[in-house]
Structures are given as C-alpha cells and as structure tokens.
**Q** 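To start, I am sharing the structure in question, which I have written as structure tokens.
One-based numbering, in listed order, for ligands and for the atoms of each.
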Amino acid sequence: MSLLSMHNRYLNGAPIPSPRKPFRSKEKCLILMIFCIFILVFCGTFLYLPELRSSSGTRESFSKMYKQIQDAGPDLLIPAPPYAEESKNNIKSNNRHFNYQADEDPHLLDDRYKLMMKIDEEQQKNQKVLERPDIALKIKFSSPKSYIENYIESEVVENMIKTVPPAKSDHYPVTVGGEDNDESIRMKRLKIVEMMRHAWDNYVKYAWGMNELKPVSKKAHNNSVFGSAPLGATIVDGLDTLYIMGLHDEFKRGREWIAKHLNFDNINMHLSVFEINIRFIGGLLSCYALTGDTLFRDKAELIANKLLPAFHTPTGIPYALINVKTGSVENYNWASASSSILSEFGTLHLEFSYLSDITNNKIFKEKVQHIRKVVKEVDKPKGLYPNYMHPKTGNWGQHHISLGGLGDSFYEYLLKSWIQSGRVDKEAREMFDEAMEAVFKHMLQESPSGLLYISDMKYDKLDQKMDALACFAGGMFGLSSKTLQNEMTNKYLTVAEGIANTCHEAYNRSTAKLAPESFKFTEGNEARAIKSSDKYYILRPETVETYFTLWRLTKNPKYRKWGWEVVEALEKHCRAEAGYSGIKNVYVPNPIKDDVQQSYFLAEMLKYLYLLFSDDSLISLNEWVFNSEAHPLPIKGHNPFYRGKH
Ligand code: DMJ
C-alpha cells in the first residue's frame with residue numbers, strides 16, 4: 001500500500017492522479033525525518049572529509065577540491081592512460097625517460113582501448129556521439145640517465161649491478177617509446193601492450209619459473225621443447241619484449257628471477273642446442289645490448305659454455321641435443337641417418353659471434369666460423385643445401401630442401417650475419433645470394449591462380465606445399481632487397497611481396513583467419529591445408545614478422561591492416577581466460593584450444609605486432625638485426641649499444 005495514498009481514478013482504463021490533498025500528520029512526520037537525515041549528512045561531510053577539514057579555511061578547501069575535480073578531467077570518464085605524465089613509476093631508458101603506470105589493471109587498458117576505437121568508428125561515420133578526451137598518450141622523454149642507473153637508485157639491490165656503457169656517439173638508438181603520430185595507431189599499440197600483460201601476468205600467476213603456461217587449465221606446461229626442467233623459458237624469451245614495451249616492473253621481476261635461478265647446473269636431461277641458443281642466449285644477449293647489464297652477458301656465456309660439448313665432433317657440426325649435466329650428446333632419431341639439422345646448426349652464428357665480441361672469448365666465434373667453412377666447402381646438389389648433415393662424416397642426409405621447417409633460419413642467418421657484421425662478412429652475403437639463386441631457379445612456384453610460393457623439394461621432386469614457418473621468408477627477401485643493390489634486388493622484392501600475399505591468403509582463406517601449419521597449392525585448393533593433421537595453429541609469428549619487416553621497408557599500409565587482422569583473430573580464437581592458446585583446427589567456427597602459450601608468442605608475435613604499430617625509430621632496422629626468435633641484436637659499427645670489445 002502506498003504511504004501517500006491517493007484515491008485512484010481511471011481514464012480509458014489507465015490510472016490518473018487525484019488532485020493534491022493537505023498533508024496528514026503521518027506524512028508531516030516523514031517529511032521531518034527526511035529533512036533531519038539531510039542535515040546530518042551535510043554536517044558529516046564537513047566534519048569527516050580530510051580535504052574540507054584542513055586548517056586553511058572552508059573557502060580555500062572548496063577551491064582546492066574544485067581544482068582536483070578539474071584536474072581529474074577526463075579521468076572521471078575514462079581511467080588514467082598508461083603513459084600518464086606524472087605516474088608514480090618512472091621508466092628511464094638509455095637516453096630517454098617516460099612514465100608508465102605499471103600497476104594498471106590490464107582490463108582497464110582493454111576497456112579504454114575499446115572506448116577509443118568506438119569513438120573513432122563513430123567519428124569516421126560522422127556520428128559524433130562522444131568527444132575524444134584529450135588524454136596524454138604521448139610518452140614524455142627527458143632524462144639522459146641510463147636505465148640501469150635508475151634501476152640501482154630505485155631498488156634495494158642485493159647484488160651490485162654492473163653495466164657496460166654504450167660507445168660514445170652523437171646518436172643513441174631508441175629502445176623504448178617510439179609512438180606513431182597517428183592516434184588510432186597508438187591505440188592499436190596500447191592493445192598489444194594489454195595482450196602482453198594478459199600473457200605475462202597469467203604466466204606469473206600460474207607458471208612462474210616454469211617454461212610455459214597452459215592458459216586454459218591454468219598451470220605450467222611441462223611438455224615443451226624444454227621439458228619439465230624449470231628453466232623459465234617464458235621469462236627469458238619474453239624479457240626484451242617487456243623492456244621495449246616499457247613494462248618496467250615486469251622486466252625487473254624477470255631480471256631478478258634470472259639473477260637468482262637461471263643456471264643449467266642440475267638439468268639432467270637432453271636440451272636442444274638450437275632452442276637454447278635462439279631463445280635463451282639470444283634473449284639474454286638482447287637484454288644485455290639494451291641495458292648494458294652484465295648479468296645478462298654473463299648468464300649467456302655460462303649457458304653457451306654448457307653447449308660446447310655438442311660441438312666436439314669430427315666435423316665440428318654440433319649434435320642437436322645435449323645433456324648439460326653429463327655432457328652426453330645425440331641427434332633426433334627421426335632425422336635422416338640420425339643427422340644434425342641444417343636450420344639448427346645453421347642458426348647459431350649471430351649469437352655466438354656477438355658473444356665472443358662482448359666476452360673477449362674467441363671460442364664461440366670459432367665454433368660458428370668452422371660450421372660456415374664446412375657448409376661452404378661441401379658439394380651442394382644443384383647449389384642447394386639439404387636439410388640434414390651427419391656430424392661425423394659431413395655427408396648430407398636425404399636431399400630434402402626447404403625454406404620451411406628444418407631449413408628456414410639457416411638462410412636467414414647467412415643474410416643476417418652479413419648485416420650484423422656491419423656488412424663486413426661478405427662471404428655470408430655471397431653464400432646467401434648464391435643459395436637464393438638456386439632456390440628461385442628450382443623451388444619458386446606460382447599456383448594456378450597466381451599465388452607465389454616456395455615449395456619444398458625432395459631429391460628432384462617438388463612438394464607443392466608451404467609451411468607456415470616459411471612465411472618468414474617474405475621479411476628475409478625484403479631485407480635482402482633493401483640492403484644491397486645487385487642483379488637480384490628487384491626479384492627479391494617481388495618474391496618478398498608475393499610470399500607476404502600468399503601467407504595472407506592462407507590466413508584469410510581459413511574460418512578462424514589464422515593460417516594452418518602447412519598449406520597446399522593444388523588445383524582448387526590453394527593456400528589451404530588438406531590433411532587434418534596440418535590444420536592446427538600454434539601461435540606462429542612468421543607471417544607477422546614478414547608484415548612488420550615489409551611495413552618498415554615499403555610503408556605499404558596493407559601490412560598494418562593485415563597485422564591488425566591477426567590481432568582480431570587472436571583475440572577471437574586464441575585468447576583464453578589466462579593467456580593465449582593455439583587452436584586445433586583453423587577451418588571450424590569454434591576451434592578447440594590446444595592449451596599451450598608458446599614462449600615465442602611473447603618473444604616474437606607480440607614484439608613484432610608492437611613494432612608494427614610503432615614509429616620506425618623504435619628498434620630501427622638500421623641499428624638492430626633480429627635473431628630467429630625476434631631478439632634484437634645490435635649491428636656492429638652502427639649501434640653504440642653493441643658494447644663489444646672491438
Ligand atoms: C621460433 O621459435 C623461431 O622463430 C624458430 O626459428 C622457428 N619458429 C619458431 C616459432 O614459430
């Protein structure tokens with residue numbers, strides 16, 4: 001029953017209010033009570049709010065409060081931006097300085113990103129519903145102090161941190177910051193940071209110190225290439241991405257773990273020489289170059305020393321696997337004639353050369369120079385390099401040739417060794433050009449509908465397929481085209497863009513908009529997997545690597561567009577409650593997740609995406625060369641962060 005009862009009347013079946021009658025005593029009582037409560041709340045505000053209790057008087061307090069509301073401005077509507085000007089966590093990079101709210105909830109970042117995208121969308125449609133708030137998205141650069149100087153000042157550091165300063169220069173590389181001028185691109189980049197935090201924070205929460213995370217079952221993944229040994233693969237692999245993204249607190253946490261726990265002393269199991277090199281040694285060397293912190297250099301050297309027994313073979317070609325505790329070595333039993341694998345022993349050169357230069361320990365460079373000599377001198381069928389070579393005899397195994405799995409990064413490292421040496425290592429570039437001439441002659445194909453691809457070859461027979469892994473080649477050919485003028489320059493660029501297009505088709509022709517592990521080029525079935533065992537997607541980054549490299553080299557906006565399509569597909573199909581997962585079939589609308597967050601997702605995918613939506617100055621291709629796991633290494637003579645003993 002209503003307290004203020006009325007005699008209801010109805011018009012056409014609907015109630016209409018009665019004319020007002022004078023208050024009765026019950027009603028008067030109620031009005032008095034409400035009035036008293038109002039007075040109480042008003043006085044309480046004056047007595048208990050600290051701002052209004054200040055000694056400086058009520059008028060001043062009011063104006064202070066008004067000022068604070070004014071300052072809060074857009075934050076009343078939208079949470080503070082991550083790069084807010086006066087945030088409490090200051091990040092200082094080598095010669096630059098910016099502020100970042102490292103403890104900001106990633107969901108807020110995501111919400112803000114969604115709101116900004118909505119505003120953009122409305123503005124594009126000319127439906128100006130919401131004003132874009134003028135929030136500070138620009139990073140402020142100022143202090144010339146080094147990152148590590150700041151690190152020492154701001155932390156209680158138990159062990160002294162030693163740093164090697166960069167060479168004297170009038171220009172220092174941009175390693176943090178580097179925002180694009182276009183605000184919508186900056187928003188996209190913020191989204192990538194949010195993805196990194198989703199991947200990293202959940203790894204910290206559910207699998208810290210272990211190798212990888214199972215993002216669906218929320219526990220450690222123990223069946224990775226590193227097995228169950230607690231080697232912190234995700235920490236070491238993801239650390240330079242955290243640094244470049246300016247995730248300062250997360251970086252420090254990873255650094256502390258490495259300082260205290262990363263050693264291979266009691267690992268009584270066989271580890272892959274190649275994987276340890278590209279992910280661990282490469283990751284540590286990159287962090288050393290970026291920061292000058294000798295911890296990273298020394299750990300890299302320690303680990304590389306543990307791999308050396310694998311090179312004690314009659315040819316100097318290392319075995320694929322080593323037990324770092326016992327020193328026992330072996331090859332994969334599935335490899336042809338138990339050979340070593342080209343893409344593995346051929347993907348050591350960048351890290352081992354750099355390690356020798358910064359430690360003054362020649363041994364590492366000697367090992368890879370020796371491998372170079374062996375593969376240079378051996379007879380090559382049709383000028384091509386087969387995927388297998390036996391470490392005892394130096395003979396090739398089966399004549400299978402590929403720019404995908406088992407071959408890929410051997411070619412990448414020929415080109416990049418030349419780049420890394422400041423173009424001094426001419427032998428590497430010559431070997432690269434010769435090998436690619438043979439590849440173009442024998443393996444470059446065009447599908448019936450005109451898609452360019454590089455098929456695999458088994459003896460003289462072409463296998464009309466391409467691995468998702470081979471999609472890195474678009475970036476590699478782009479780099480080879482733009483770094484040297486020779487008779488192959490134009491061809492390199494055509495092939496680079498053709499491969500990028502074909503790989504984009506492989507993504508686009510799937511239901512999930514993610515490429516299968518391997519795809520065919522047969523009539524009516526181009527750039528699609530046929531066998532169900534090829535239909536999975538395990539967060540492979542190679543296509544995005546190509547988009548990033550070609551964006552930097554050609555400035556064609558389609559590469560950013562295609563990169564963003566990958567972000568959308570990842571969010572739709574791979575994002576799990578606690579991280580990112582691969583999927584088992586790219587051709588179904590609701591694919592099942594494989595429950596593995598690969599460490600290279602943080603090392604490669606998110607770094608390349610972040611850089612794709614950054615200014616070219618950030619990790620410039622004139623100063624850095626990426627190892628096969630996307631860890632940037634400095635170019636000798638062109639980058640003062642080389643920090644080597646020249
Ligand atoms: C990475 O670990 C490296 O890029 C490697 O060279 C091959 N590909 C995987 C990711 O797909």
Side-chain angles (χ1 to χ4, degrees), residues 199 211-212 221 223-227 231 233-241 271-286 320 332 340-352 387 402-417 420 454 456 466-476 479 499 503 506-507 514-519 534 536-549 566 570 574 580-583 586 594 596-609 611 625-633:
N211 290 319
E212 289 175 328
H221 174 232
N223 295 320
S224 73
V225 276
F226 306 110
L231 299 173
T234 298
I235 302 174
V236 187
D237 224 6
L239 208 60
D240 57 356
T241 305
L271 296 173
S272 156
V273 172
F274 160 77
E275 297 288 359
I276 295 294
N277 177 58
I278 62 167
R279 302 194 199 204
F280 283 79
I281 299 177
L284 292 165
L285 290 177
S286 196
Y332 296 109
S340 302
I341 291 163
L342 181 72
S343 67
E344 298 203 336
F345 64 77
T347 308
L348 304 166
H349 207 104
L350 297 184
E351 297 81 359
F352 275 44
N387 291 340
S402 177
L403 256 69
L406 310 180
D408 49 9
S409 43
F410 161 72
Y411 306 101
E412 176 187 1
Y413 270 36
L414 285 178
L415 174 69
K416 289 184 173 176
S417 295
Q420 183 200 31
I454 296 180
D456 282 8
M466 197 171 145
D467 291 344
L469 283 167
C471 288
F472 87 99
M476 177 177 76
L479 267 184
I499 300 272
C503 293
Y507 275 70
L514 295 165
E517 179 67 359
S518 184
F519 35 94
D534 285 340
Y536 63 91
Y537 171 71
I538 50 171
L539 302 172
R540 292 238 183 254
E542 285 73 14
T543 298
V544 169
E545 172 182 349
T546 282
Y547 294 164
F548 157 71
T549 312
V566 176
L570 288 170
C574 300
Y580 288 87
S581 162
I583 56 174
V586 297
D594 69 10
V596 179
Q597 178 173 281
Q598 308 280 348
S599 77
Y600 57 69
F601 182 71
L602 291 88
E604 295 195 69
M605 177 68 93
L606 294 177
K607 189 186 287 126
Y608 283 133
L609 282 171
L611 293 174
V625 62
F626 290 90
N627 90 336
S628 192
E629 189 79 358
H631 297 302
L633 299 174

**Q** Fit a plane to each ring of Phe226 and Phe280, take the angle between them on a 0 to 90° scale, and name the class: parallel (under 30°), tilted (30 to 60°) or perpendicular (over 60°).
**A** perpendicular
**Q** To the nearest 0.5 Å, tell me how far Leu633 CG sits from Leu350 CG.
**A** 6.0 Å
**Q** Angle class for the Tyr507/Tyr537 ring planes (parallel below 30°, perpendicular above 60°, tilted otherwise)?
**A** perpendicular
**Q** Can Glu351 and Tyr413 be said to form a side chain to side chain donor-acceptor pair (under 3.5 Å), step by step?
**A** CA-CA 10 Å; Glu351 297 81 359; Tyr413 270 36; 2.6 Å; yes
**Q** Taking atom CZ of Phe519 and atom SG of Cys471, what is their separation to the nearest 0.5 Å?
**A** 4.0 Å
**Q** So which protein residues pack against ligand 1 under 4.0 Å, heavy atoms counted?
**A** Phe274, Ile278, Arg279, Leu469, Arg540, Pro541, Glu542, Tyr600, Glu604, Ser628, Glu629
**Q** Using modelled atom types and a 3.5 Å cut-off, is there a donor and acceptor pairing between side-chain atoms of Asp594 and backbone atoms of Ile538?
**A** no
